[in-house]
Protein chains: 2
Amino acid sequence: MDVFAALADPVRRELLRALTTGPSRVVDLSAAHPISRPAVSRHLRVLAEAGLVTADDRGRERHYRLRPDALAPVAGLVAELVSEPQSGAAPFAASVLDGLDLEVRRTGRERRSDPATRTSVPTEETA
Amino acid sequence: MDVFAALADPVRRELLRALTTGPSRVVDLSAAHPISRPAVSRHLRVLAEAGLVTADDRGRERHYRLRPDALAPVAGLVAELVSEPQSGAAPFAASVLDGLDLEVRRTGRERRSDPATRTSVPTEETA
DNA sequence: ACTATTGGTAATCGATCAGTTACGTGATCG
DNA sequence: CGATCACGTAACTGATCGATTACCAATAGT
């Protein structure tokens with residue numbers, strides 16, 4: 001499942017928010033949310049497939065950790081849509097992408113061609 | 001349908017990208033995508049419910065225009081998840097939110113309290 | 001060793017979604 | 001006017017999703 005579909009579910013978004021305070025176990029996450037533990041487990045699997053979380057196996061426990069880099073396509077889409085094509089560059093959006101250690105410039109219409117900063121990462125998984 | 005669910009569909013994301021070059025009619029949008037016109041119409045309705053587009057009725061034509069402000073919850077979530085709680089502030093994410101003329105600070109754990117810049121808009125529709 | 005805890009998986013069910021074809025409505029053009 | 005164009009809606013279908021209960025494997029504690 002891709003990142004956007006993973007974020008479509010409010011429960012999954014809530015799980016991601018819960019992980020901002022640090023890695024958590026499945027039991028704790030399911031205790032904090034009004035759904036059964038298998039449901040949480042499935043949601044975590046979806047989030048893991050999307051790259052948004054990773055699991056650290058520690059004995060019989062499994063600690064899920066947030067992986068914010070996987071949000072790059074989302075930030076990239078926001079950057080694409082917010083930037084007005086005729087208004088020059090997209091000054092604001094760039095900094096979030098910096099926060100995600102990925103190059104997601106290339107707002108679709110090949111805005112500038114600055115070979116130094118352009119590497120390889122596509123704007124989205126469909127590209 | 002909320003913004004995240006609206007963005008979950010790749011066709012809808014593609015429609016939004018098509019609208020970055022300016023308002024378009026339904027016929028043109030459906031001609032550029034491999035789905036039928038009613039399908040495009042339904043997708044546009046979903047996007048309109050999410051606030052991501054608006055329709056300008058001009059005679060028998062209907063011009064759909066992009067509404068980037070509706071991306072605020074998305075940018076807000078990215079800001080929430082990217083900011084590390086123990087690493088101080090969230091410097092990068094803030095600027096995207098500026099680009100969306102909305103205040104989506106308040107990353108959950110009431111990070112600072114700067115009454116001058118905080119107004120009213122919640123981080124997400126669930127809040 | 002026995003038992004309790006942690007966590008994933010399988011089977012099932014109901015609901016929602018995305019797509020199509022067919023149809024109806026209002027505006028434009030000859 | 002009559003024909004056409006643009007657009008939305010209705011009805012229907014196949015696929016996917018989310019949740020639950022029941023079950024199984026592995027680790028930890030006594």
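As a basis for the values below, the full set of heavy atoms in this structure was taken, side chains included, without hydrogen atoms, waters or symmetry mates. So that the names make sense, note that chain A is the first sequence line, chain B the second, and so on, each numbered from 1.
- For the OP1/OP2 pair of C:dA18 and a distance below 4.0 Å, the side-chain nitrogens and oxygens of B:R12 include at least one atom meeting the criterion.
- In the set D:dT27, C:dG8, D:dT9, C:dG8 carries the atom at the smallest distance from any side-chain atom of A:R62.
- Between B:S41 and D:dG8, a side-chain N or O to OP1/OP2 separation shorter than 4.0 Å is present.
- Considering only side-chain atoms of B:P38, the nucleotide from C:dG8, D:dT9, D:dG8 that sits closest is D:dT9.
- Toward the 5' end of DNA chain D, the nearer of the two residues B:R37 and A:G59, judged by each one's closest nucleotide, is B:R37.
- Summarising the geometry, the separation between CG on B:D57 and P on C:dT28 is reported as 11 Å, rounded to the nearest angstrom.
- For A:E49, there are no side chain to side chain donor-acceptor pair (under 3.5 Å) partners, not counting sequence neighbours.
- In this structure, A:D28 atom CG and C:dT5 atom P are separated by 14 Å, rounded to whole Å.
- Not counting sequence neighbours, the partners of B:H63 by the side chain to side chain donor-acceptor pair (under 3.5 Å) test are B:E61.
- Between the CZ atom of B:R42 and the C1' atom of D:dT9 there is a distance of 9 Å, given to the nearest Å.
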Show your reasoning for whether salt bridge (charged side-chain N to carboxylate O under 4.0 Å, His left out) applies to A:D2 and B:R13.
-> CA-CA 13 Å; A:D2 76 315; B:R13 293 197 297 271; 3.4 Å; yes

Evaluation steps, side-chain contact (heavy atoms from CB on, under 4.5 Å), between A:I35 and A:V40:
CA-CA 7 Å; A:I35 59 178; A:V40 171; 3.7 Å; yes

task: For B:R62 and B:D56, run salt bridge (charged side-chain N to carboxylate O under 4.0 Å, His left out): C-alpha distance rounded to whole Å, both residues' side-chain angles, the deciding distance at 0.1 Å, then the answer.
output: CA-CA 6 Å; B:R62 173 169 286 195; B:D56 299 335; over 6 Å; no

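- Comparing atom distances between the A:I35 side chain and each of D:dA19, C:dT20, C:dG8 picks out D:dA19 as nearest.
- Summarising the geometry, the separation between NE2 on B:H43 and P on C:dG19 is reported as 4 Å, rounded to the nearest angstrom.
- At least one side-chain nitrogen or oxygen of B:Y64 sits closer than 4.0 Å to the OP1 or OP2 atom of D:dG8.
- Taking 4.0 angstrom as the limit, B:R25 places a side-chain polar atom (N or O) nearer than this to OP1 or OP2 of D:dA6.
- Atoms CZ (B:R58) and P (D:dC7) sit 12 Å apart, rounded to a whole Å.
- Each of B:L44 and A:M1 lies near DNA chain D, and the nucleotide nearest B:L44 is the one positioned closer to the 5' end.
- Between the P atom of C:dC17 and the CD atom of B:E49 lies a distance of 10 Å, rounded to the nearest Å.
- When the C1' atom of C:dG19 is taken as reference, atom CG of B:L15 falls 14 Å away, rounded to whole Å.
- Rounded to whole Å, atom C1' of C:dG7 lies 11 Å from atom CD of A:E61.
- For the OP1/OP2 pair of C:dT20 and a distance below 4.0 Å, the side-chain nitrogens and oxygens of B:S36 include at least one atom meeting the criterion.
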